[in-house]
Participant: 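I'd like to ask some things about the structure below.
These numbers come from the heavy atoms of this one structure, side chains and all, not from hydrogens, waters or symmetry mates.
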Amino acid sequence: MGQPLRGHDAGPHRRGRHPLHLYFIEEVSARLGWAWEPREVTPGRRPVMEIAGIDRRLICWQSTRRQQIEDALPVLTARYEEKHGHAPGERASYALACQAAAQTRPPKRTELRSLTELRTRWRTSATRAFGACTVYRLAQRARAAAAAVWARVRPVVDIALAAVDVVAEVYVMRGAFARHHLLAEARRHLSYVLRGRPHQPGLDEQIVQTVVDDYTRPVGRRMMTADLRALYPHETEDQAVLRPLTHNRTAPPYERARLAAGALAARVHAVRRADRLGSRTRPRTVAAPAASGPRPQPLRTGRKAGRFPEQETGVDTVEQTRRTLEAVAAELQDGVRERAVTFGPRPRPTPAAAPQPHTEQPGTRHTPGRNPSGGVA
């Protein structure tokens, strides 16, 4: 129960035709209420999915075959280095691991045991090794851990980000790939993101179709490779974005794939941010209607509809507004002059006790700094 699941489908389903790995995770979560978490077993390698809250000691106790392989692998690796003079590469390491698994495989048992008998033996052995509290409260701790995981991780799948993650992963790991490689990686991505929650039917196919339509180009009859011109339209060199990340041969392939996926995800966020800034509402150019009279029409505020008046722009609109204002100003001045001619100025009474103001005689000029009597001010 606590043994981790590998990130690859096995047997006849490894081509991704039947997502047994993803369906198994979702079925366990639906029946038992458990969540799943990725754990890195080997540094730089693809993580495995484990049930959250399972004691790590129980996982190691069940992983006896893995421990046997890890114990035999250093001896085979040392023999390879002594024979070839260099450390094994990726394919040679995989072949050595298969050789270690074959050498340490125990002989098959001839006697058959029922599942009930096996469960009784497992429970007794685990209780004797780790105590009854660890064994009998296993499901309760797993549900508590699942509640913490689901409160921290949002059950949201962004198709655009999932597409760039899938294409980066498959391109770095394989170079050229087929559709079933994309489908297997898309289902693996869903298991990482949803952590056991059920996915929408057809979501994996939708992610694959997005990858094929936007980020790939054919390189043969059935194969394709990555094409990122949709994200980087101004790049002059093909695949210039991924090349610095994928050509770092000192790093493991999965680590390089994660670096490439992070770079593409950042590019998607940058494109979305630019689209949001470019889609802000801008004042439109509205043609002003021809004026039917000398007075301009009043602006409608549109408060009933909760809107503000449109801002009119453009050279023609500004010129029309200027001419209208000049016509109104001329009409107002004509009206003022006609009123002054018809009615005349109104006489204003002056107060009797008001002193007579000093009037300057015409033709008299005063020198600055002196008063009229000739003294210095």
Participant: Look at the side chain of Ser191 and the backbone N and O of Arg188, then say whether any donor-acceptor pair between them is shorter than 3.5 Å.
Facilitator: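 Looks like yes, one N/O pair under 3.5 Å.
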Participant: How many angstroms lie between atom CD1 of Ile59 and atom CD1 of Ile51, to the nearest 0.5 angstrom?
Facilitator: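 One finds 8.5 Å between CD1 of Ile59 and CD1 of Ile51.
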Participant: Which label fits His199 and Tyr23: parallel for a plane angle under 30°, tilted from 30 to 60°, or perpendicular past 60°?
Facilitator: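 Aromatic pair His199/Tyr23 classed parallel.
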Participant: Any salt bridge linking Glu185 with Arg174? Criterion: basic side-chain nitrogen under 4.0 Å from a carboxylate oxygen.
Facilitator: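 Result for this pair is no, no salt bridge flagged.
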Participant: Once rounded to the nearest 0.5 Å, what's the spacing between atom CZ of Arg273 and atom CG of Asp275?
Facilitator: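 The CG atom of Asp275 is 11.0 Å from CZ of Arg273, to the nearest 0.5 Å.
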Participant: Do you know the tightest heavy-atom contact between Tyr80 and Pro88?
Facilitator: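 For Tyr80 versus Pro88, the nearest heavy atoms are CE2-CA, 3.3 Å.
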Participant: Mind listing the closest non-hydrogen atom pair of Asp165 and Ala261 along with its distance?
Facilitator: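 Scanning both residues, the minimum pair turns out to be OD2-CB, 3.7 Å.
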Participant: Under the 3.5 angstrom rule, does the side chain of His269 hit a backbone N or O of Ala266 as a donor-acceptor pair?
Facilitator: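 Answer holds: no.
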Participant: Please determine whether a side-chain nitrogen of the Lys or Arg among Glu82 and Arg79 lies less than 4.0 Å from a carboxylate oxygen of the Asp or Glu.
Facilitator: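 Salt bridge flag = no for Arg79 with Glu82.
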Participant: Taking all non-hydrogen atoms of both residues into account, name the closest pair between Trp36 and Ser29 and its distance.
Facilitator: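 That closest heavy-atom pairing would be NE1-OG, 3.1 Å.
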Participant: Would you call Arg46 and Glu40 a salt bridge, taking side-chain N to carboxylate O under 4.0 Å as the test?
Facilitator: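 Looking at Arg46 and Glu40, the cut-off is not met.
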Participant: What's the spacing between Arg222 CZ and Arg179 CZ if we round to 0.5 Å?
Facilitator: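 Those atoms lie 14.0 Å apart.
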Participant: Within a reach of under 6.0 Å around CZ of Arg272, are more than 12 heavy atoms found that belong to other residues, nucleotides or ligands?
Facilitator: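 More than 12 heavy atoms, drawn from other residues, nucleotides or ligands, come within 6.0 Å of this atom.
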Participant: Check Asp214 with Arg229, please: is the shortest side-chain N to carboxylate O separation under 4.0 Å?
Facilitator: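 Looking at Asp214 together with Arg229, the answer is no, because their closest N to O distance does not fall below 4.0 Å.
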Participant: What distance separates Asp71 CG from Thr104 OG1, expressed to the nearest 0.5 Å?
Facilitator: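 One gets 9.0 Å once the value is rounded to the nearest 0.5 Å.
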Participant: Heavy atoms, side chains only, cut-off 4.5 Å: are Val164 and Leu228 in contact?
Facilitator: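 Not touching, per the 4.5 Å side-chain cut-off.
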Participant: More than 12 foreign heavy atoms under 6.0 Å from CZ of Arg154: is that the case here?
Facilitator: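 Counting other residues, nucleotides and ligands, CZ of Arg154 stays at 12 neighbours or fewer.
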Participant: Please find the pair of heavy atoms, one from Val157 and one from Val193, that lie closest to each other, and give the distance.
Facilitator: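 Scanning both residues, the minimum pair turns out to be CG2-CG1, 4.2 Å.
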Participant: If you count every heavy atom of other residues, nucleotides or ligands that lies below 6.0 Å from Arg121 atom CZ, does the total exceed 12?
Facilitator: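 Count not over threshold, so no.
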Participant: So which heavy atom on Tyr215 is nearest to which on Leu231, and how close?
Facilitator: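 Heavy-atom minimum between the residues: CE2-CG, 3.7 Å.
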Participant: Using 0.5 Å steps for rounding, measure from the CD atom of Glu26 to the CZ atom of Arg197.
Facilitator: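 The distance works out to 11.5 Å.
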Participant: Taking all non-hydrogen atoms of both residues into account, name the closest pair between Leu58 and Ala126 and its distance.
Facilitator: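 Reported closest heavy-atom pair: CD2-CB, 4.3 Å.
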Participant: For the backbone of Ala101 and the side chain of Arg65, can you confirm whether one donor and one acceptor N or O come within less than 3.5 Å of each other?
Facilitator: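 Indeed, once roles are kept as given, a pair shorter than 3.5 Å links the two residues.
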Participant: Roughly how far, to the nearest 0.5 Å, is the OH atom of Tyr171 from the CG atom of Leu264?
Facilitator: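 Going from CG on Leu264 over to OH on Tyr171, the span is 11.0 Å.
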